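Here is the structure we will look at.
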Amino acid sequence: MNKNFEIRLTKSISWDASEAINALIAGSRGMGKSYMTMALMLRLANLSPPAQIFGIDFKQSDISRLNKLLPDGRIAAEKDEIFNLLNRFIELMKKRRDFINSKSKFGATANGLKMPLFYLIYDEYGAFTSVLSNKEKKEHDALLSQIMLLGRQYNFGIILISQQVSVGNSGLNSNLKEQCGLIIHMGTATKEALRITFGNEIALYNNYLGVGEGQLWMQGVTNGFTLPFVAEDLSNVDLWLAFKDVFADSQNDERYLYMMD
């Protein structure tokens with residue numbers, strides 16, 4: 001595990017955010033999905049070097065408000081903005097790819113060079129894809145595919161958040177879901193809902209889980225089962241001030257795009 005990108009999820013489990021770089025967070029409304037996402041965002045931004053945070057929030061909830069704290073163009077809520085941000089994120093990824101290829105030894109990766117993470121937080125992607133035409137959905141999925149299939153080599157990743165994880169139609173393309181190295185489901189759900197989230201091959205934790213509790217699967221760590229956990233308690237944290245403080249001088253495309261250890 002690369003200690004530069006390690007994020008503690010439980011007392012015994014840490015997430016290497018550059019290794020299992022794409023993540024999926026599911027769960028019903030009120031089960032702690034948003035707080036789990038906020039906790040991960042804060043920890044990502046507090047890494048050294050800090051992760052660069054981008055966000056898509058079609059429902060215009062908490063993540064969209066961070067546009068007041070992040071550089072211009074980092075947050076998208078309207079359809080055109082979302083497509084523009086996905087394209088911009090890919091352009092940045094390709095710039096880093098070209099930089100690594102021209103400045104580093106053959107076989108070098110952003111992880112090995114300890115280059116900062118770039119993360120796109122995509123809240124309630126199903127709400128957005130449900131309003132797209134078939135043509136727009138194909139374009140959208142093609143953009144996501146570029147990020148999720150190619151981003152790991154360049155430390156570009158996505159955290160997808162959804163109340164219900166469905167595959168096909170307006171849901172998540174099954175090929176993209178397979179690219180998620182960290183999958184979390186917050187709160188209690190039916191066995192059918194958990195199977196949609198984790199798949200049929202993973203042994204599930206079947207006991208009751210309340211608000212702020214969940215189960216997770218991590219590639220190469222939990223193997224063929226999920227583990228229950230309690231999310232970080234943020235009830236006494238002023239999240240706005242916390243984000244304002246951590247984003248104050250840590251978010252800059254050009255400064256961190258080409259930074260190497």
Side-chain angles (χ1 to χ4, degrees), residues 1-28 30-55 62-63 111 114 116-123 148 151-152 155-163 165 172 177-189 193-194 197-199 201-237 239 242-243 246 250:
M1 178 174 290
N2 192 324
K3 297 295 182 180
N4 288 66
F5 308 118
E6 179 183 357
I7 291 177
R8 182 72 63 182
L9 296 178
T10 72
K11 290 182 178 180
S12 59
I13 295 182
S14 292
W15 171 41
D16 185 338
S18 68
E19 189 66 30
I21 199 163
N22 298 311
L24 173 63
I25 302 175
S28 301
M31 286 291 103
K33 238 182 12 279
S34 294
Y35 276 106
M36 184 69 203
T37 302
M38 296 297 173
L40 292 181
M41 290 172 65
L42 282 172
R43 289 187 174 272
L44 285 166
N46 271 302
L47 290 173
S48 181
Q52 300 302 291
I53 303 298
F54 299 72
D62 288 337
I63 289 177
N111 187 325
K114 299 180 181 178
L117 294 161
F118 275 59
Y119 256 100
L120 176 61
I121 315 301
Y122 197 154
D123 195 17
M148 297 182 75
R152 181 167 172 261
N155 272 0
F156 274 66
I158 292 183
I159 298 177
L160 297 167
I161 304 107
S162 181
Q163 288 189 41
V165 178
L172 183 62
K177 185 170 177 283
E178 291 176 359
Q179 299 304 313
C180 294
L182 171 64
I183 300 177
I184 294 171
H185 196 110
M186 300 300 298
T188 293
L194 292 173
T197 299
F198 293 106
E201 306 302 321
I202 306 297
L204 302 172
Y205 180 80
N206 292 315
N207 291 346
Y208 177 81
L209 293 168
V211 177
E213 300 174 336
Q215 54 186 304
L216 66 85
W217 170 86
M218 193 186 309
Q219 188 173 27
V221 177
T222 61
N223 298 314
F225 54 90
T226 65
L227 286 177
F229 74 100
V230 178
E232 183 178 355
D233 184 4
L234 299 177
S235 59
N236 293 320
V237 177
L239 288 172
F243 279 117
V246 75
S250 70

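Note that the coordinates shown come from a computational prediction; the quantities given were computed from them, not determined experimentally.
In this structure, the side chains of D123 and T37 stay at 4.5 Å or more apart for every pair of heavy atoms. For the pair V230 and E213, the minimum side-chain heavy-atom distance is below 4.5 Å. Side-chain contact between I21 and L117 is present, with at least one heavy-atom pair separated by less than 4.5 Å. For the pair F5 and L44, the minimum side-chain heavy-atom distance is 4.5 Å or more.
Put simply, the side chain of N22 never gets that close to the backbone of G157: no donor and acceptor are under 3.5 Å apart. Under the 3.5 Å distance criterion, the side-chain polar atoms of R152 are matched with a main-chain donor or acceptor of E19. With hydrogens and angles disregarded, a donor-acceptor distance shorter than 3.5 Å links the side chain of W15 to the backbone of A20. Side-chain atoms of Y35 never come within 3.5 Å of backbone atoms of A231 as a donor-acceptor pair (strictly under, hydrogens ignored).
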Take M148 and C180 through the test side-chain contact (heavy atoms from CB on, under 4.5 Å) and record every step on the way to the result.
CA-CA 8 Å; M148 297 182 75; C180 294; 3.8 Å; yes
Any chance you could lay out the side-chain contact (heavy atoms from CB on, under 4.5 Å) test for I25 and L40, step after step, and finish with the verdict?
CA-CA 11 Å; I25 302 175; L40 292 181; 3.8 Å; yes
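In terms of the side chain to side chain donor-acceptor pair (under 3.5 Å) criterion, residue partners of D233 (sequence neighbours excluded) are, by chain and number, S235. When the side chain to side chain contact (heavy atoms under 4.5 Å, CB included) test is applied to T226, the partners found at least two apart in sequence or on another chain are F198, I202, L204, Y205, Q215, W217.
Interatomic distance, S14 OG to I7 CD1, rounded to the nearest 0.5 Å: 9.5 Å.
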